Colleague: 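Below: one structure in structure tokens.
Just so we're on the same page: letters track the sequence lines, and every chain starts at 1. Just so we're clear, the structure is a prediction, and the values are computed from it rather than from any experiment.
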Amino acid sequence: MDEELHEQIRDVVRKIPSGRVATYGDVADLSRAPSPRLVGQVLNHDGHDVPWHRVLRANGTCAPHIAEEQLQRLAAEGVLSNDGKINLHTYRWEDAAKAKSEDDPPSLF
DNA sequence: ATGCTGACCATGT
DNA sequence: CACATGGCCAGCA
């Protein structure tokens, strides 16, 4: 069922620690989602139970409609934005980038 | 099936 | 920064 995907995505989003943010692409990758778009669609439809506000776009900005709420919630967690843009270099969820880079094929090459 | 939309991403001009 | 192009995938009329 596709519900697996929803579960995976929501699970990953829940995993994002406070004071940190992740991009849709990261969540998509960690959740095995076929594409970052799916993350957005799932959150829009069924993301009320997860800290969706910790998910930003790849360039550190948030979607227009939720921007206000997102910025407010993030600010409350210590994630400050500059002109509506978050400094990914500072606040990006390290574990996400790690998991991506942690792909360590032992005996190949 | 086709066409459009959407909380996306990257690159180029 | 704005805009255009191409790729991505699911849901709906």
Side-chain angles (χ1 to χ4, degrees):
Chain A
M1 259 266 236
D2 282 310
E3 296 227 337
E4 281 259 346
L5 193 50
H6 288 221
E7 289 291 310
Q8 292 257 32
I9 293 176
R10 298 187 354 197
D11 200 42
V12 170
V13 175
R14 263 187 222 121
K15 236 177 104 186
I16 304 174
S18 172
R20 284 275 179 289
V21 298
T23 71
Y24 290 94
D26 287 341
V27 175
D29 196 37
L30 294 174
S31 64
R32 303 277 135 192
S35 134
R37 289 193 102 109
L38 265 296
V39 179
Q41 289 192 49
V42 169
L43 289 183
N44 190 26
H45 174 77
D46 240 345
H48 49 78
D49 273 70
V50 298
W52 51 268
H53 55 266
R54 299 196 185 130
V55 185
L56 314 176
R57 294 205 238 194
N59 55 315
T61 64
C62 33
H65 29 273
I66 60 175
E68 296 277 316
E69 183 81 42
Q70 191 129 51
L71 263 19
Q72 291 242 342
R73 286 171 172 266
L74 289 177
E77 296 187 349
V79 180
L80 306 181
S81 56
N82 182 343
D83 196 39
K85 286 171 278 210
I86 309 271
N87 194 337
L88 279 183
H89 195 73
T90 302
Y91 296 112
R92 189 176 196 193
W93 183 25
E94 303 279 340
D95 266 14
K98 203 170 162 182
K100 285 168 74 157
S101 199
E102 201 261 342
D103 257 9
D104 222 299
S107 52
L108 180 74
F109 225 0

Colleague: Before accepting this row, confirm whether a basic side-chain N of the pair A:Asp46/A:Arg10 lies closer than 4.0 Å to the acidic partner's carboxylate O.
Modeller: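 Salt bridge between A:Asp46 and A:Arg10, a charged N being under 4.0 Å from a carboxylate O: yes.
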Colleague: Rounded off to whole Å, could you give me the OH-to-C1' distance for the A:Tyr24 and B:dA10 pair?
Modeller: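 Taking OH of A:Tyr24 and C1' of B:dA10, I get 17 Å after rounding.
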Colleague: Taking atom CG of A:Leu43 and atom NE2 of A:His6, what is their separation to the nearest 0.5 Å?
Modeller: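 Here the interatomic distance stands at 10.0 Å.
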Colleague: Main chain of A:Trp52, side chain of A:Gln70: is a donor-acceptor contact present, judged purely on distance under 3.5 Å?
Modeller: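 Yes, because the side chain of A:Gln70 sits within donor-acceptor range (under 3.5 Å) of the backbone of A:Trp52.
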Colleague: Does A:His45 NE2 have over 12 foreign heavy atoms under 6.0 Å away?
Modeller: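 For A:His45, atom NE2 is not crowded (no more than 12 foreign heavy atoms under 6.0 Å).
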Colleague: Could you state the atom-to-atom distance from CZ of A:Arg54 to C1' of B:dA7 in whole Å?
Modeller: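 Taking CZ of A:Arg54 and C1' of B:dA7, I get 17 Å after rounding.
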Colleague: Please tell me which of the listed nucleotides, B:dA7, B:dA10, C:dC1, lies nearest to the side chain of A:Asn44?
Modeller: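 Given the options B:dA7, B:dA10, C:dC1, the side chain of A:Asn44 is closest to B:dA7.
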Colleague: Only one of A:Gln72, A:Arg73, A:His65 forms a side chain to side chain donor-acceptor pair (under 3.5 Å) with A:Glu69, so which one is it?
Modeller: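 So the option named by the test is A:Arg73.
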Colleague: Rounded to the Å, how far apart are A:Ile9 CD1 and B:dC8 C1'?
Modeller: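 A:Ile9 atom CD1 is separated from B:dC8 atom C1' by 12 Å.
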Colleague: What is the distance, to the nearest angstrom, from the CG atom on A:Asn59 to the P atom on C:dA2?
Modeller: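 Roughly 12 Å, once rounded to whole Å.
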Colleague: Assign a letter to each nucleotide of nucleotides 4-9 of chain C from its 5' end: B, base within under 4.0 Å of a protein heavy atom; S, sugar-phosphate only; -, no contact.
Modeller: ---BBB
Colleague: Looking only at atom P, what distance separates B:dA7 and C:dG6, rounded to whole Å?
Modeller: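 One P to the other, the span is 23 Å.
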Colleague: May I ask you to list the residues of residues 60-77 of chain A, by number, that have any heavy atom positioned under 4.0 Å from an atom of DNA chain B?
Modeller: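 Output list: A:Ala63, A:His65, A:Ile66.
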Colleague: Going through the distances and angles, do A:Arg92 and A:Asp26 end up as a salt bridge (charged side-chain N to carboxylate O under 4.0 Å, His left out)?
Modeller: CA-CA 10 Å; A:Arg92 189 176 196 193; A:Asp26 287 341; 2.5 Å; yes
Colleague: Any chance CG of A:Asn59 has more than 12 other-residue heavy atoms, nucleotides or ligands included, within less than 6.0 Å?
Modeller: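 Counting neighbours around CG of A:Asn59, more than 12 heavy atoms of other residues, nucleotides or ligands fall under 6.0 Å, so yes.
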Colleague: Transitively linked via ILVMFWY side-chain contacts under 4.5 Å: A:Leu38 with A:Tyr24?
Modeller: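 Hydrophobic grouping puts A:Leu38 apart from A:Tyr24.
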Colleague: Name the residue from A:Leu30, A:Val27, A:Val55, A:Leu88 that meets the side-chain contact (heavy atoms from CB on, under 4.5 Å) definition with A:Trp93.
Modeller: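 For A:Trp93, the side-chain contact (heavy atoms from CB on, under 4.5 Å) test succeeds with only one of A:Leu30, A:Val27, A:Val55, A:Leu88, which is A:Leu30.
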Colleague: What's the gap between B:dC4 and C:dC8 when it is taken at their C1' atoms, as a whole Å value?
Modeller: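 After rounding to an integer number of Å, I get 15 Å for this pair.
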Colleague: Can you check the A:Leu43 CG to B:dC8 P distance for me, whole Å?
Modeller: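 After rounding, the reported distance stands at 10 Å.
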Colleague: Please report, rounded to the nearest Å, how far the P atom of B:dA7 is from the NE2 atom of A:His6.
Modeller: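 These atoms are roughly 15 Å apart.
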